[in-house]
Undergrad: 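Dropping the structure in here first, questions after.
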There are 2 protein chains.
Amino acid sequence: MDRKKPPPEQTPPDLQRLDAQLCFAVYSTMLGFNKVYRKLLKALGLTYPQYLVMLVLWEHDGLRVSEIGERLFLDFPTLTPLLKRLEVQGLVTRRRSASDERQVIVSLTEAGTALKAQAADVPGCVATALDCSLETIGDLRSRLVALRNNLMQQD
Amino acid sequence: MDRKKPPPEQTPPDLQRLDAQLCFAVYSTMLGFNKVYRKLLKALGLTYPQYLVMLVLWEHDGLRVSEIGERLFLDFPTLTPLLKRLEVQGLVTRRRSASDERQVIVSLTEAGTALKAQAADVPGCVATALDCSLETIGDLRSRLVALRNNLMQQD
DNA sequence: CAATATTAAATCGTGTGCTATGTAATAGCA
DNA sequence: TGCTATTACATAGCACACGATTTAATATTG
């Protein structure tokens, strides 16, 4: 009578545990960030992805859609409707480029530019919610960026 | 003729830069993870969130929807349709609890259980894409979990 | 025991994010 | 110069994620 079970053929159990997955830590942290940002950005009338777009434009106004997409690692099907909604809100304009009509230039309106001052408290409030040192934040950030760049290279 | 501009009233510019935001590092890292997981999980017929649900059930079969939600920090509007699709794929069953009919118990089917072995290579392939040490991964994971818990406490 | 409050899940509506596809403009080549 | 290939963006369809609301079951209270 053979009581000895064969060794499992799959990955050792602990590598397939939810909490062993770095991706789940990233995913669930992002869920947490969304929760915090949703509250903070509600007063500004922005969703989190819209806020990211505004951050990009506040830094460098008048970009092509593709340039915004490159900056945020987002594609056209995501950006086009999102930018349309920002345009409807009067925060940006979308104009065909005169030199190349395939390109759409996204520019801040006065209201869009003015929104930057209203959003000035956001990073501080987020830092408060995080409740950890600037050094930790900076270290985490640069490590995540390195991972992101590795992941984005997969093809 | 006053050539001196008044100091800006908003947050110092570097705090409102996109790349200064930890949340953007997390967000864009998750975009990268999605890209990698989408490819790996395609052969299993799973999306990334569905994979997370399967990880939970492989660990502990027969949970209530709310228990899965607590485990993954996800709400009913997300989980109900997702679980329905897993049921349609024949990977889980959803049954009303006899002792409390408000509760739905989610159980793995034979196919759902068997899928675990097919998914055995996933964590290893992800680790390869990450191209960094297990120690780094573990450290990042625990730090992110700490942040997540802080963020989730905001209310 | 009946009425009310609470709980668990389902549904609805909105905004993403991505693959696939379509449209229009520009570039490149013979 | 005309044709083809490439580029930039828009659209379509699907799967999330979440606040708001609804439905049904259970718990609590008088």
Side-chain angles (χ1 to χ4, degrees), chain A residues 24 27-39 41-42 44-53 63-70 72-89 94-106 151-152 154-155, chain B residues 23-24 27-39 41-42 44-53 63-70 72-89 92 94-106 151-152 154-155:
Chain A
F24 179 61
Y27 178 80
S28 57
T29 300
M30 198 60 229
L31 293 180
F33 267 125
N34 281 334
K35 188 176 160 109
V36 169
Y37 273 97
R38 211 161 18 241
K39 282 186 179 155
L41 297 175
K42 187 173 180 181
L44 304 179
L46 296 177
T47 62
Y48 175 67
Q50 290 174 353
Y51 173 66
L52 292 181
V53 169
L63 295 177
R64 286 172 284 150
V65 179
S66 54
E67 283 171 322
I68 297 174
E70 279 163 23
L72 296 175
F73 305 98
L74 291 175
D75 262 336
F76 293 109
T78 304
L79 281 175
T80 300
L82 186 155
L83 292 170
K84 279 188 173 179
R85 281 187 293 272
L86 283 181
E87 192 178 32
V88 165
Q89 288 178 242
R94 297 183 312 129
R95 299 286 182 267
R96 288 277 163 186
S97 164
S99 52
D100 183 345
E101 289 188 25
R102 293 174 302 181
Q103 303 182 347
V104 170
I105 308 297
V106 183
L151 292 167
M152 292 294 184
Q154 303 303 312
D155 226 309
Chain B
C23 64
F24 179 60
Y27 177 82
S28 57
T29 300
M30 198 59 231
L31 292 180
F33 267 124
N34 281 335
K35 189 178 160 107
V36 169
Y37 273 96
R38 213 165 9 245
K39 280 184 178 157
L41 298 175
K42 187 172 179 180
L44 304 180
L46 296 176
T47 62
Y48 175 70
Q50 288 173 355
Y51 173 64
L52 293 181
V53 168
L63 294 177
R64 285 172 283 150
V65 178
S66 53
E67 284 171 321
I68 298 175
E70 279 164 22
L72 296 175
F73 306 98
L74 292 176
D75 262 336
F76 292 108
T78 304
L79 280 175
T80 299
L82 186 155
L83 292 170
K84 277 188 177 179
R85 282 186 290 274
L86 284 180
E87 191 178 32
V88 166
Q89 288 180 240
V92 306
R94 297 183 312 130
R95 300 286 183 264
R96 288 277 163 186
S97 165
S99 54
D100 183 345
E101 291 188 26
R102 295 173 301 180
Q103 303 182 348
V104 170
I105 308 297
V106 183
L151 293 167
M152 293 294 185
Q154 304 303 310
D155 223 312

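Reckoned from all heavy atoms, side chains included, excluding hydrogens, waters and symmetry mates. To find a chain, count down the sequence lines: A is the first, B the second, and so on, and within it residues start at 1.
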Undergrad: A/E101: what forms a salt bridge (Lys or Arg N to Asp or Glu O under 4.0 Å) with it, not counting sequence neighbours?
TA: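 In terms of salt bridge (Lys or Arg N to Asp or Glu O under 4.0 Å), with neighbours along the sequence ignored, A/E101 is linked to no residue.
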Undergrad: Can you see if the side chain of B/Y27 gets near the phosphate of C/dG17 - specifically, an N or O under 4.0 Å from OP1 or OP2?
TA: yes
Undergrad: List the residues meeting ring pair (Phe, Tyr, Trp, His ring centres under 6.0 Å) with A/Y48, not counting sequence neighbours, and say none if there are none.
TA: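 Per chain and number, A/Y48 pairs via ring pair (Phe, Tyr, Trp, His ring centres under 6.0 Å) with A/Y37, B/Y27.
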Undergrad: What does the 5'-to-3' dot-bracket notation of DNA chain C look like when only Watson-Crick and G-U wobble pairs under 3.5 Å count, and pairs to other strands show as |?
TA: ||||||||||||||||||||||||||||||
Undergrad: So, does A/S66 get its side chain near the phosphate of D/dT7, meaning an N or O under 4.0 Å from OP1 or OP2?
TA: no
Undergrad: Output yes when at least one side-chain N/O atom of A/Q50 is less than 4.0 Å from OP1 or OP2 of C/dT16, else no.
TA: yes
Undergrad: For A/T78, enumerate each residue passing the side chain to side chain donor-acceptor pair (under 3.5 Å) test, keeping only those at least two apart in sequence or located in another chain.
TA: none
Undergrad: Compare side-chain N and O positions of B/T80 against OP1 and OP2 of C/dT11 and report whether any pair is under 4.0 Å apart.
TA: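 So the side chain of B/T80 is outside the cut-off, no N or O lying under 4.0 Å from OP1 or OP2 of C/dT11.
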Undergrad: Quick one: list whatever passes side-chain contact (heavy atoms from CB on, under 4.5 Å) with B/E70, sequence neighbours left out.
TA: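 In terms of side-chain contact (heavy atoms from CB on, under 4.5 Å), with neighbours along the sequence ignored, B/E70 is linked to no residue.
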Undergrad: For nucleotides 3-7 of chain C, give me every protein contact, N/O to N/O, under 3.5 Å, one pair per line with atom names.
TA:
| unit_1 | atom_1 | unit_2 | atom_2 | d |
| --- | --- | --- | --- | --- |
| C/dT7 | O4' | B/R102 | NH1 | 3.4 |
| C/dT7 | O2 | B/R102 | NH1 | 3.1 |

Undergrad: Can you list every salt bridge (charged side-chain N to carboxylate O under 4.0 Å, His left out) pair that touches residues 78-87 of chain B, not counting sequence neighbours?
TA: B/E87-B/R94, B/E87-B/R95
Undergrad: Test of understanding: with side-chain contact (heavy atoms from CB on, under 4.5 Å), list the residues that count as partners of A/R102, not counting sequence neighbours.
TA: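 If we apply the side-chain contact (heavy atoms from CB on, under 4.5 Å) test to A/R102, skipping adjacent residues, the hits are A/D100.
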